[in-house]
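Since the structure comes first, as structure tokens, the remarks are kept for the end.
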Amino acid sequence: MPASDGTQRFSSRVENYVRYRPGYPPEVVDLIKDECGLTCDSIIADVAFGTGIFTKVLLENGNRVFGVEPNADMRKAGEAFLSGYPRFTGVAGTAEVTTLAEHNVDFVTVAQAAHWFDLAKARKEFIRIAKPGGWSVLLWNERRTDSTPFLRDYEQLVLDYGTDYKEVRHERTTATIHEFFAPTAFHSRVFENHQEIDYAGLEGRLLSSSYIPSADHPQHRPMLAELRRVFEAHQENGKVVLEYSTRVYYAQLS
């Protein structure tokens, strides 16, 4: 998937993305503190910050954060979401051309987005903007697909109705993540994460995905009918649980 396509394909998904995407477990920041030396004084470039879900975690740690985002609709939503944080600055830019100054940040973070990048160009850009010894941290909430009957049915729905689901799954990138960090050795950790949601939350989470048919697509209504069936088959007390493995990859790039 060309990176240029990745910058625009969420424009119609912004509202659902803001409301229904999962957050990140607190263990992620603890890890970056313990393993990478993150302090509240660290300056961070959060690249492809989207609507600001992970950016908020960094700001609540007290950090100065430059949020780089190429999609104007996502960036506007993220800036509104983070308007109460004076240490945040939104920046129009891409992973390959952030527009940030050279050797200006202690960390470059990317949450749920690096699979859209030209990784070779992004790596060079991250080295350019990071201070000597700076860290790069890439993370994803990876939805589990077969740990419960509900998750297996939900995955089948996405396979049946997704427009290019197999092509854009981020596992295509995480499987070759060593190519981004090479020749630098990298570290990785996995944390558990979940969302307990009602039907409205499940529908919003589904519709936040860029590979899901939009409202004007002929498969949209049949897809939602199947989603309702899956929900009713598995709900308990009006809720279902989406499980995630939060995968974190980190290294000092050089």
Side-chain angles (χ1 to χ4, degrees), residues 1-23 48-53 69-78 80-81 94-95 111-118 140-175 193-245:
M1 182 62 55
S4 58
D5 182 70
T7 65
Q8 299 303 319
R9 58 189 288 153
F10 287 95
S11 294
S12 63
R13 318 274 177 172
V14 172
E15 182 178 353
N16 284 320
Y17 207 105
V18 170
R19 296 180 63 186
Y20 299 116
R21 281 295 176 117
F49 82 98
T51 61
I53 297 172
E69 173 57 48
N71 183 295
D73 295 313
M74 296 282 276
R75 188 173 62 253
K76 182 178 179 181
F81 179 58
T94 67
Q112 211 72 23
H115 52 294
W116 300 114
F117 299 169
D118 181 320
W140 284 267
N141 277 321
E142 180 181 290
R143 177 174 49 79
R144 295 177 182 174
T145 59
D146 62 359
S147 54
T148 69
F150 162 67
L151 292 177
R152 286 191 287 274
D153 282 355
Y154 184 84
E155 174 70 3
Q156 189 60 55
L157 180 149
V158 174
L159 288 168
D160 290 343
Y161 290 96
T163 55
D164 55 355
Y165 173 59
K166 292 181 180 180
E167 289 77 15
V168 302
R169 283 284 289 173
H170 60 74
E171 285 86 346
R172 293 166 61 91
T173 296
T174 55
N193 198 8
H194 74 277
Q195 291 175 290
E196 185 175 354
I197 49 181
D198 59 14
Y199 177 77
L202 181 64
E203 181 178 310
R205 173 63 183 87
L206 178 70
L207 297 179
S208 75
S209 299
S210 67
Y211 46 77
I212 290 302
S214 56
D216 59 352
H217 193 285
Q219 288 288 76
H220 184 80
R221 291 182 66 183
M223 176 189 69
L224 292 185
E226 175 63 8
L227 183 69
R228 173 63 78 173
R229 186 199 68 77
V230 169
F231 177 83
E232 294 298 341
H234 298 288
Q235 60 86 19
E236 294 186 11
N237 299 316
K239 299 285 183 69
V240 292
V241 178
L242 284 169
E243 299 176 355
Y244 301 89
S245 296

Exercise for review: Look at the side chain of Arg144 and the backbone N and O of Leu151, then say whether any donor-acceptor pair between them is shorter than 3.5 Å.
Suggested key: no
Point to revise | Close side-chain approach of Val241 and Thr148, heavy atoms under 4.5 Å | key: no
Revision key, fill the gap. When every non-hydrogen atom of Phe81 is compared with those of Gly52, the smallest separation belongs to CE2-O, 3.6 Å
Check your understanding: What's the verdict on side-chain contact (heavy atoms from CB on, under 4.5 Å) for Tyr165 and Ile212, showing C-alpha distance, side-chain angles and the deciding distance?
Key -> CA-CA 8 Å; Tyr165 173 59; Ile212 290 302; over 6 Å; no
**Study point:** Over 12 non-hydrogen atoms of neighbours within 6.0 angstrom of CD in Glu236
**Key:** no
Check your understanding: Between Tyr154 and Leu202, is a side-chain contact (heavy atoms from CB on, under 4.5 Å) present by the stated rule, with each step listed?
Key -> CA-CA 10 Å; Tyr154 184 84; Leu202 181 64; 3.6 Å; yes
Check your understanding: Does the distance from a Lys or Arg side-chain N to an Asp or Glu carboxylate O, for Glu155 and Arg152, drop under 4.0 Å?
Key -> no
Check your understanding: Could you walk me through whether Phe150 and Leu242 pass the side-chain contact (heavy atoms from CB on, under 4.5 Å) check?
Key -> CA-CA 9 Å; Phe150 162 67; Leu242 284 169; 3.8 Å; yes
Review point. Nearest heavy-atom pair of Arg21 and Ser208: which atoms, and what distance?
Key: NE-OG, 2.7 Å
Review point. Parallel, tilted or perpendicular: which describes the rings of Phe231 and Tyr199, with under 30° parallel and over 60° perpendicular?
Key: perpendicular
Review point. Out of Glu243, Gln112, Arg205, which one pairs with Pro22 under the side chain to side chain contact (heavy atoms under 4.5 Å, CB included) rule?
Key: Arg205
Check your understanding: For the residue pair Gly204 and Tyr20, what are the closest heavy atoms and their distance?
Key -> CA-CD1, 3.2 Å
Exercise for review: Begin from the C-alpha positions of Thr145 and Arg143 and carry the test side-chain contact (heavy atoms from CB on, under 4.5 Å) through to its verdict.
Suggested key: CA-CA 6 Å; Thr145 59; Arg143 177 174 49 79; 3.9 Å; yes
Check your understanding: How about Pro70 and Trp116: do any of their side-chain heavy atoms sit closer than 4.5 Å?
Key -> no
Practice item. Answer with yes or no whether the side chains of Ser245 and Glu142 bring together a donor and an acceptor at under 3.5 Å. Key: no
Point to revise | Atom of Met223, atom of Pro213 and distance for their closest heavy-atom approach | key: SD-CD, 3.7 Å
Check your understanding: Are the side chain of Asn193 and the backbone of Asn141 linked by a donor-acceptor contact shorter than 3.5 Å?
Key -> no
Point to revise | Distance-only polar pair, side chains of Gln195 and Tyr244, donor-acceptor under 3.5 Å | key: yes
**Study point:** Donor-acceptor pair, side chain of Thr51 and main chain of Ala77, under 3.5 angstrom
**Key:** no
Study note, to complete from the structure: What one should report as the nearest heavy-atom pair of Glu226 and Arg229 is OE2-NH2, 2.8 Å
Point to revise | Minimal non-hydrogen separation, Gly78 against Phe49, with atom names | key: CA-CE1, 3.8 Å
